[in-house]
There are 2 protein chains.
Amino acid sequence: MAESSRRLRPEPRYGTRPTMKDVAARAGVGLKTVSRVVNGEPGVTPDTERRVQEAIEALGFRRNDSARVLRKGRTASIGLVIEDLADPFYGPLNRAVEEVARAHGALLINGSSAEDPEREQELVLALCARRVDGLIVVPAGHDHRYLEPEIKAGVATVFVDRPAGRIEADAVLSDSFGGSRAGTAHLVAHGHRRIGFIGDQSTIHTAAERLRGYRAAMADAGLVIEPGWISLGTTDPDRVRESVATMLDAPNPVTAIFAGNNRVTVTAVRVLAGRSRSVALVGFDDIELADLLDPGVTVVAQDAATLGRTAAERLFQRLDGAADAPSRVVLPTRLITRGSGELAPAY
Amino acid sequence: MAESSRRLRPEPRYGTRPTMKDVAARAGVGLKTVSRVVNGEPGVTPDTERRVQEAIEALGFRRNDSARVLRKGRTASIGLVIEDLADPFYGPLNRAVEEVARAHGALLINGSSAEDPEREQELVLALCARRVDGLIVVPAGHDHRYLEPEIKAGVATVFVDRPAGRIEADAVLSDSFGGSRAGTAHLVAHGHRRIGFIGDQSTIHTAAERLRGYRAAMADAGLVIEPGWISLGTTDPDRVRESVATMLDAPNPVTAIFAGNNRVTVTAVRVLAGRSRSVALVGFDDIELADLLDPGVTVVAQDAATLGRTAAERLFQRLDGAADAPSRVVLPTRLITRGSGELAPAY
DNA sequence: TAGGCCCTGGACAACGTTGTCAGGTGAATG
DNA sequence: CATTCACCTGACAACGTTGTCCAGGGCCTA
């Protein structure tokens, strides 16, 4: 029995990594001297340093940052939780965060919440257990009180794209409401009176804000939204396809559609391309090649990279000691007209 | 002096995190008992467990994984180094790797090499210092001997998209050569004799393979490639624009273009859209909305998600002890015809 | 009732690094 | 020549966790 438990002892898969102790032994110096050389601390004779460097080279020594972290308290890594690493919208955001982290000498640990609050929490807490110095989160859930002990313990946290739920925290957002209102108003300005809105689940903050923007623009224009003009729910292509069909095949069909995000826009473009009657379209989020379609797709664009960069910079301000009250930054959106949003009502 | 150095002592930013010792004190039990509860080890009375759980709750304790790693040797995290987190091609790959990692209880640390060998090495070594259990790398450089000590020390490493340079290691690739050959042959089959190739720097393995595929298909068809038909170098839109223009405005212009990757394809589509004469186009890598353009863009598609999943699965096989010789998996590509590749030569 | 066994809980060392501090050597100075 | 001082160097503890091992107590059995 003792034997079998001995066999279970954590055993190196291949070779064992050399430690500073090994390097010290080989170089014939003290442990601390190796540490000094590795960290470029002053107070080491060139000759000693050379001997140590040779030993490091010969043994293939690499400092164990886990031990370092344990001793120093900081990990020089930050966590990024987004909705879906594969979504093209988040690519530039991810990259922007990485660049800022890199500039601060930090590594990036990231994961997808898949729009699942439980998975978000699980991920965030795993990151906290790794003792990331800070967190950037695109929230999936609406209750982030589970983060309170972490934040109290010093984990800087910045929310991006959507605000935190039920706690005070920094947030960097796009102006979903304003952008959506402007996009809808753009359609109104081009003569549309019957405008449909297809968005994501309204539990998602940005989706709700965009819906609110649409409603505001309609109200501004004195237009009443008829039942069936608003479709919320998944961005699943089939559902969206269905929604568009319903709006267009109604006895009194819409003449324009406002699409609530990139995925909806893509599907809407596909559906509209298969129809003869011309329907105006404005989408939230820019999409690649939108300019090459016929007509080009008019969009309300947000700058994902700036979103990420701003959030990361805020995070590092916090890590550098900024202790002011949590702030909310709202970045403007930009209406890019390309044709689809300027089509006149077909009837 | 002693005072100032004392002030420099690593001081917690906010509060200090409770440790198992604190929990033990509060619960009135021993340190190891807390450890047992936290790790779900057997041998703890329900009553004791409850007391410990309460203390954990009350103090907001979260296990420090750094210390755990130090003790256990494994970090349950893997590193992923890709070329550019923002490139839509890598999004699905990234996500696929994450899913596999998640299924194995591992976190993902990732970064972009930005196609810079030095940055790749820097990143990889930083990940090794963090003692990731394994690495998945889209190599930017061509000499990975710097990884030898790491691999010897047990860091499982799988290369993806491109093979490693100067070391033996697992690799998961797409069939760039075959795909490119098939794509070019497709153009030939539609009557083209004068076909241009625009690719990335030929130091990049996939780019070189694709060029080789193009050459092979041309040779298969008994066609001689004329000077000026091949453009290699950056995927910078301006350069690509220029290359396309040169090929089309030559006295004896090409009637079709094979684009070596997604970025080149996008630019080529843009340029061709601005021209009256119809030029056939086949691109390597699928691009979003390619089906909606007029004509639809014919592409040689590779499955980035499968690439990532396969690589990650191989990695975890290694981590689970697989010790067979390094393997090279080559995934097939798929020709998707949408119109642009089926255009007849215009003259 | 005594003996032995199992179950629970805790003391202790170790993981690899860094901060502290003290010792030791050589040169410069009185 | 003695003394100071600057500069190197190394011993040691500590970071928070887990593996090992042992002690004590309750319970069952003979």
Side-chain angles (χ1 to χ4, degrees), chain A residues 1-12 16-25 27-52 56 59 61-76 129-131 153, chain B residues 1-12 16-25 27-52 56 59 61-76 129-131 153:
Chain A
M1 209 187 294
E3 276 193 12
S4 79
S5 75
R6 186 156 303 150
R7 205 168 297 150
L8 286 177
R9 183 185 298 199
E11 87 190 30
T16 312
R17 303 207 66 122
T19 70
M20 285 192 177
K21 203 166 129 192
D22 302 321
V23 174
V29 302
L31 179 55
K32 179 64 195 187
T33 300
V34 176
S35 172
R36 271 191 271 260
V37 171
V38 169
N39 294 296
E41 287 172 29
V44 180
T45 326
D47 181 58
T48 309
E49 170 158 4
R50 193 185 41 71
R51 287 216 316 285
V52 172
I56 288 176
L59 296 174
F61 167 80
R62 189 98 47 211
R63 180 179 63 198
N64 184 332
D65 276 356
S66 292
R68 176 169 224 252
V69 157
L70 179 58
R71 191 65 234 270
K72 302 201 74 132
R74 285 238 187 162
T75 57
R130 298 295 169 101
R131 294 295 187 269
Chain B
M1 208 188 294
E3 276 194 9
S4 80
S5 75
R6 186 155 305 151
R7 204 169 297 152
L8 286 177
R9 185 182 298 197
E11 88 189 32
T16 312
R17 303 207 67 121
T19 70
M20 286 192 178
K21 202 167 129 191
D22 302 321
V23 175
V29 302
L31 179 55
K32 179 63 196 188
T33 300
V34 176
S35 172
R36 272 192 270 262
V37 170
V38 169
N39 293 297
E41 288 172 28
V44 180
T45 326
D47 181 59
T48 308
E49 171 158 4
R50 193 184 41 71
R51 287 217 316 284
V52 172
I56 288 176
L59 296 174
F61 167 80
R62 188 96 48 213
R63 180 180 62 198
N64 183 333
D65 275 356
S66 291
R68 175 168 224 251
V69 158
L70 179 58
R71 192 65 233 274
K72 301 201 76 132
R74 284 237 186 162
T75 57
R130 299 294 169 104
R131 293 296 187 268

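Sequence lines set the chain letters: A, B, ... in the order given, protein chains first and strands last, and positions in each chain run from 1.
The rotation axes computed at either terminus of the helix from C:dT1-D:dA30 to C:dG30-D:dC1 lie 50° apart, taking five pairs at each end and rounding to 10 degrees.
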Protein-nucleotides 24-26 of chain D N/O pairs under 3.5 Å:
none

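At a cut-off of 3.5 angstrom, counting only N and O atoms as typed in the model, there is no donor on one side facing an acceptor on the other between the side-chain of A:K21 and the base of C:dG16. Below the 3.5 angstrom threshold, one finds no donor paired with an acceptor across the side chain of A:R71 and the base of D:dG16. Residue side chain A:R17 does not reach the base of C:dG16 through any donor-acceptor N/O pair under 3.5 Å, judged by distance alone.
A:T48 has a side-chain polar atom (N or O) that falls below the 4.0 Å cut-off from OP1 or OP2 of D:dT9. Taking 4.0 angstrom as the limit, A:T33 places none of its side-chain polar atoms (N or O) nearer than this to OP1 or OP2 of D:dT9. For B:T45 and C:dG9, the shortest distance from a side-chain N or O to OP1 or OP2 is below 4.0 Å.
Between the CZ atom of A:R36 and the C1' atom of D:dC7 there is a distance of 11 Å, rounded to whole Å. Protein atom NZ of B:K32 is 13 Å distant from nucleotide atom P of D:dC21, rounded to whole Å.
Scanning for salt bridge (charged side-chain N to carboxylate O under 4.0 Å, His left out) contacts around A:R63 gives A:D65, with sequence neighbours left out. In terms of the salt bridge (charged side-chain N to carboxylate O under 4.0 Å, His left out) criterion, residue partners of A:R62 (sequence neighbours excluded) are, by chain and number, B:E150. Scored by the salt bridge (charged side-chain N to carboxylate O under 4.0 Å, His left out) test, A:R36 finds no partners at all (sequence neighbours excluded).
Contact annotation for A:S35: base contact, defined as any heavy-atom pair under 4.0 Å involving a base atom. Counting any heavy atom pair closer than 4.0 Å across all strands shown, B:V29 reaches sugar-phosphate atoms only and no base atom.
Within residues 62-70 of chain A, the residues approached by DNA chain D to less than 4.0 Å at the level of any non-hydrogen atom are A:L70, in residue-number order.
Each of A:V37, A:T33, A:L31, A:V34 was evaluated against A:V23; a single residue qualifies, A:V34, per the side chain to side chain contact (heavy atoms under 4.5 Å, CB included) test.
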